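Accompanying notes for the structure given below.
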Amino acid sequence: MILVTGATGTVGRPLLELLSARGEPVRAMVRNPAVAVVPPPVEVVRGDFDASASLPGALAGVSAAFLLTAPSTPNGDHDAAFVAAARQAGVERIVKLSAIGTGAVTPEGEVIGSQHADGERVLREGGVEWTILRPSVFASNTLSWADAIRHGRPVANLTGAGRQGVIHPRDIASVAATALTADGHTGRVYTLTGPESLSVPEQVTILGEVLGRPVTYTDIDPRTIRAQLAGSGMTDAAVRIMVNGLSYARSGRNDTVTSDVYAVTGRSPMTYRSWAEEHRTWFGTQARGSDAVRW
Ligand SMILES: NC(=O)c1ccc[n+]([C@@H]2O[C@H](COP(=O)([O-])OP(=O)(O)OC[C@H]3O[C@@H](n4cnc5c(N)ncnc54)[C@H](OP(=O)(O)O)[C@@H]3O)[C@@H](O)[C@H]2O)c1
């Protein structure tokens with residue numbers, strides 16, 4: 001049995017589908033089974049990182065687990081509780097979703113908060129076979145532009161001309177599916193990117209070509225970003241980390257393309273253009289329901 005956490009999210013949902021399609025027995029851990037939509041025949045179990053007593057039940061009988069902790073987690077506590085419960089349950093293998101830039105420290109400070117650095121550490125020391133996936137920025141992040149595009153407004157460019165190896169979330173899921181089910185990935189850290197490095201202006205151009213109408217952007221300077229985030233109720237630490245990460249990307253330091261998706265799956269990663277073509281209707285004239293599929 002393979003347990004997938006984050007199963008209703010951007011990466012977890014296609015992972016459920018890929019594993020099911022391979023005939024693997026899969027269980028989705030969700031906080032609210034009554035509202036979770038998962039593809040049959042995936043099992044559903046209740047589990048909440050904020051309620052660690054719920055984890056042993058979710059992990060019973062599991063041989064491999066995909067560990068995805070939500071960005072709101074300030075440190076590695078969720079990973080630590082999960083890894084401890086998994087070891088206790090006899091889980092043999094954990095594949096953790098981390099993030100590119102984990103552990104990198106710039107003159108401004110950490111690029112990614114301590115969440116994934118702490119989480120990676122407890123996993124490496126946890127006594128279970130591990131694989132760490134560090135994806136670059138998700139193509140699906142640009143769904144946040146949909147409302148502006150639908151209303152003919154410019155989208156916000158938070159990273160200037162900085163290029164990043166934008167990745168289709170299904171490629172992340174594909175790597176995870178292989179690492180969970182095939183040998184040879186234990187103790188490996190994969191940096192996952194798409195096939196090309198793109199700036200926001202370049203993504204905007206591609207999206208405009210796919211949609212067949214102009215899409216525009218407006219640059220938001222770091223000082224304004226910081227002020228807006230601070231005014232949104234985020235903690236000072238969260239604002240600092242977010243601004244550091246955006247500055248890292250803006251300066252071109254996240255301009256990285258790797259061959260790890262190909263090395264693990266034997267298939268080239270998908271382009272941002274192909275992601276945009278799949279999601280064209282999201283940028284149309286009608287708003288889409290928030291419960292619809294969005295990867
Ligand atoms: N977006 C990017 O560009 C990017 C880049 C690199 C790395 N990442 C990493 O990707 C991860 C986010 O992945 P995603 O976009 O697939 O997530 P997502 O779509 O935001 O979904 C979050 C998932 O986490 C689950 N969840 C939230 N709180 C939980 C809790 N307390 N206990 C159990 N489950 C909980 C939710 O499940 P329910 O609500 O159904 O319970 C949901 O399935 C983060 O770790 C982030 O650091 C993101």
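Below, all heavy atoms of this structure are taken into account, side chains as well, without hydrogens, waters or symmetry copies. All values derive from a computational prediction rather than experimental measurement. Indexing begins at 1, ligand by ligand and atom by atom, following the structure's order.
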**Report entry** Heteroatom proximity flag, Ile100 to ligand 1, N/O under 3.5 Å
**Finding:** no

Requested in this report: Report yes if Val11 has an N/O atom closer than 3.5 Å to an N/O atom of ligand 1; otherwise report no.
Outcome: yes

Query raised in the report: Is ligand 1 under 4.0 Å from a heavy atom in the side chain of Ser98, in the backbone, in both, or in neither?
Result: backbone

Query raised in the report: Does any N or O atom in Thr8 lie less than 3.5 angstrom from one in ligand 1, N or O only?
Result: yes

Report task. Please check if the distance between the ring centroids of Tyr190 and His185 is under 6.0 Å. Result -> yes

Query - Per-atom contacts, ligand 1 versus Ala70 - under 4.0 Å to a heavy atom - result: 27 (C), 28 (N)

Query raised in the report: Side chain or backbone of Ser140 under 4.0 Å from ligand 1, or both, or neither, by non-hydrogen atoms?
Result: neither

Query raised in the report: How does Asn141 reach ligand 1, if at all, at less than 4.0 Å between non-hydrogen atoms: by side chain, backbone, both, or neither?
Result: side chain

Query - Shortest heavy-atom approach to atom 11 (C) of ligand 1 - which of Leu97, Ile112, Ile172 - result: Leu97

Query - From OG (Ser54) to CG (Asp48), nearest 0.5 Å - result: 5.5 Å

Query raised in the report: Is there a path from Tyr272 to Val210 through hydrophobic residues (I, L, V, M, F, W, Y) whose side chains come within less than 4.5 Å of each other?
Result: yes

Report task. Tell me, please: is Pro135 in heavy-atom contact with ligand 1, that is, under 4.0 Å? Result -> yes

**Report entry** Contact check, Ser136 vs ligand 1, heavy-atom distance below 4.0 Å
**Finding:** yes

**Report entry** Where ligand 1 meets Thr69 - atom numbers and elements under 4.0 angstrom, heavy-atom basis
**Finding:** 44 (C), 45 (O)

Query raised in the report: Is there any N or O on Val137 that sits under 3.5 Å from an N or O of ligand 1?
Result: no

Report task. Have a look at Ile172 and tell me which of Leu68, Val11, Leu15 forms a side chain to side chain contact (heavy atoms under 4.5 Å, CB included) with it. Result -> Val11

**Report entry** Expected output: side-chain Ser98 to main-chain Arg134 donor-acceptor under 3.5 Å
**Finding:** no

Query - From CA spacing to verdict: side-chain hydrogen bond (donor to acceptor under 3.5 Å, both in side chains), Thr205, Glu202 - result: CA-CA 5 Å; Thr205 300; Glu202 289 165 337; over 6 Å; no

Query - Short N or O distance, His78 and ligand 1, threshold 3.5 Å exclusive - result: no

Requested in this report: Give the atoms of ligand 1, by number and element, whose distance to some non-hydrogen atom of Asp50 is under 4.0 Å.
Outcome: 31 (N)

Query raised in the report: Say you draw a straight line from CD1 of Ile206 to CG of Leu211; how long is it, rounded to the nearest 0.5 Å?
Result: 11.5 Å

Query raised in the report: Counting each atom of ligand 1 from 1 as listed, which ones have a heavy atom of Gly6 under 4.0 Å away?
Result: 23 (C), 24 (O), 43 (O)

Report summary line: Out of Pro33, Gly9, Ser52, Ala7, the nearest non-hydrogen contact to atom 18 (P) of ligand 1 is supplied by Gly9

Query raised in the report: Does Glu278 come within less than 4.0 Å of Arg170, counting only side-chain N to carboxylate O?
Result: yes

Query raised in the report: Atom OG1 of Thr69 and atom CZ of Phe82: how far apart are they, to the nearest 0.5 Å?
Result: 10.0 Å

Requested in this report: Number the atoms of ligand 1 from 1 as they appear, then name those within less than 4.0 Å of a heavy atom of Phe49, with their elements.
Outcome: 30 (C), 31 (N), 32 (N), 33 (C), 34 (N)

**Report entry** Per-residue contact class, His116 against ligand 1 - non-hydrogen pairs under 4.0 Å
**Finding:** side chain

Query raised in the report: Under the side-chain hydrogen bond (donor to acceptor under 3.5 Å, both in side chains) criterion, do Ser174 and Asp171 qualify, and how do the steps go?
Result: CA-CA 5 Å; Ser174 187; Asp171 280 325; 5.4 Å; no

Query - Salt-bridge contact Glu209-Arg273 (side-chain N to carboxylate O under 4.0 Å) - result: yes

Report task. Return yes or no for this condition: an N or O of Ala99 is under 3.5 Å from an N or O of ligand 1. Result -> no

Query raised in the report: Given Gln115 and His78, is the side-chain hydrogen bond (donor to acceptor under 3.5 Å, both in side chains) satisfied, shown in steps?
Result: CA-CA 9 Å; Gln115 176 209 351; His78 284 175; over 6 Å; no

